Amino acid sequence: MIKHHPTQALLKDFVSGDLEASVAVLVASHVEMCAVCRGTVQALTEQAADEAFAAVSGMQSSTGYVDLMWSFDPAEDMVGNFDAEEAFLGQGNGCGDGSALAMIDAITETPQDARIVLPQTVTEIEVAGKRISLPRSLKSIALKEWQGMGKLSRARLALDDDERRMSLLHIDKGGSVPTHTHKGFEITLLLEGSFDDEMGHYVAGDFIWLDGEHTHQPVTQDGCVCLTVSSDAIHFTQGVSQILNPIGRFIY
């Protein structure tokens, strides 16, 4: 059962479109997995729509504004004043139909090599011999190569969002992330499996937002896959992992 959710304020910013791109992707992914937050987002969306319509109605009442959508008559305002064939062929401005057709030929004859190639994206991944479906919000974001060390592996998502980095993180059975805190914020959405730290037990769908006020050591018995966003480096606080702190800015 999902116990950790985005705050009401964060969901409201999500509905209004005020979140950074990477944060919005994580919130959207959680909403897809969480019936409770789907209901909250639906209610907030309806509330925002009601407020928008009320604002428009108030403007009309106070200014005498008439909605042009309702006073516009296509039969009177368009048909009599616009000749589509004439506009297309350019006969009204001195251009013959040959030039218009030639322009179409030039567009349709674009060489194959000149076409835009979109990045390859994925809808599911395979880790530890198990296939895991990814949230729909990730379907248009390319996934880079996996890199790993020991029981930890990570794949960046190719989303340009200033200093924020979005990744898929896999921790294999019995693995852990060394004790650390955060120089910025770190958001974790658990996609598969479970893990524990000093603050609790987490299962698929849990949304965890941590910052410099938190220190923890995530540990998983059965393995887990997480979607994460970090705004800055983590800072290791114990053991030999502390030797990585000087270069933490380059590996978060």
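All values derive from a computational prediction rather than experimental measurement. FYI, side chains are in, hydrogens and waters are out, and symmetry mates aren't considered; it's all heavy atoms of this structure.
Closest approach of Pro218 to Phe195, counting heavy atoms only: CB-CD1, 3.8 Å. Here the shortest heavy-atom pairing between Phe14 and Ala24 reads CE1-O, 3.6 Å. The minimum heavy-atom distance linking Leu191 with Ala204 is given by the pair O-CB, 3.8 Å. The heavy-atom pair separating Val219 from Ser176 by the smallest distance is CG2-CB, 3.7 Å. Closest of all the heavy-atom pairs between Met33 and Ile2 is O-CD1, 3.6 Å. When all heavy atoms of Ser230 and Glu186 are compared, the closest pair comes out as OG-CG, 3.9 Å.
Of the inter-residue distances, the one linking His5 atom NE2 with Cys34 atom SG reads 4.5 Å to the nearest 0.5 angstrom. A distance of 7.5 Å separates CG in Leu189 from CD1 in Ile208, rounded to the nearest 0.5 Å. From Lys12, atom NZ reaches atom CG of Leu19 across 13.0 Å, with rounding to the nearest 0.5 Å. Cys224 SG to Asp196 CG: the interatomic distance, rounded to the nearest 0.5 Å, is 10.0 Å. Between atom CG of residue Leu227 and atom CD of residue Glu192 there is a gap of 13.5 Å, rounded to the nearest 0.5 Å. In this structure, CG in Leu157 is found 11.0 Å from CZ in Arg154, a value given to the nearest 0.5 Å.
Checked by atom type and distance alone, the side chain of Asp161 pairs as donor or acceptor with a backbone atom of Ser22 at under 3.5 Å. The backbone N or O of His4 sits less than 3.5 Å from a side-chain atom of Asp206, completing a donor-acceptor pair. A side-chain donor-acceptor contact under 3.5 Å links Thr40 to the backbone of Val36. Side chain of Thr220 to backbone of Ser194: a donor-acceptor contact under 3.5 angstrom is found.
Taking the side chain as every heavy atom from C-beta outward, Thr228 and Ile187 never approach each other to under 4.5 Å. Looking at heavy atoms from C-beta onward, Thr188 lies out of side-chain contact with Trp209 at the 4.5 angstrom threshold. Between Leu44 and Gln8 the shortest side-chain heavy-atom distance falls below 4.5 Å. Side-chain contact between Val127 and His170: present, with at least one pair of heavy atoms (C-beta onward) separated by less than 4.5 Å.
In this structure, a donor-acceptor pair under 3.5 Å is absent between the side chains of Gln242 and Gln238. The closest side-chain donor-acceptor pair between Thr237 and Thr181, if any, does not fall under 3.5 angstrom.
Val27 and Leu134 fall within the same hydrophobic cluster, defined by Ile, Leu, Val, Met, Phe, Trp and Tyr side-chain heavy atoms under 4.5 Å apart, directly or through other members. Hydrophobic clustering (side-chain heavy atoms under 4.5 Å, transitive across Ile, Leu, Val, Met, Phe, Trp, Tyr) keeps Val203 apart from Leu168. Linking Ile, Leu, Val, Met, Phe, Trp and Tyr residues whenever their side-chain heavy atoms come within less than 4.5 Å leaves Tyr202 and Ile171 in two separate clusters.
Counting non-hydrogen atoms of other residues, nucleotides and ligands closer than 6.0 Å to CD of Glu198 gives a total above 12. Within a 6.0 Å radius of CG in Asp50, other residues, nucleotides and ligands contribute more than 12 heavy atoms. Sparse packing is recorded around CZ of Arg136, with 12 or fewer heavy atoms of other residues, nucleotides or ligands lying under 6.0 Å away. No more than 12 heavy atoms of other residues, nucleotides or ligands sit less than 6.0 Å from atom CD of Glu213. Applying the 6.0 Å contact sphere to CD of Gln221 captures no more than 12 heavy atoms from other residues, nucleotides or ligands.
Ring centers of His180 and His216: under 6.0 Å apart, within the cut-off.
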Applying side-chain contact (heavy atoms from CB on, under 4.5 Å) to Asp197 and Gln217, what does each step give before you reach the verdict?
CA-CA 5 Å; Asp197 66 9; Gln217 181 183 19; 5.8 Å; no

Self-check item: Stepwise side-chain contact (heavy atoms from CB on, under 4.5 Å) test for Lys183 and Asp211
Solution: CA-CA 7 Å; Lys183 292 185 176 180; Asp211 55 27; over 6 Å; no

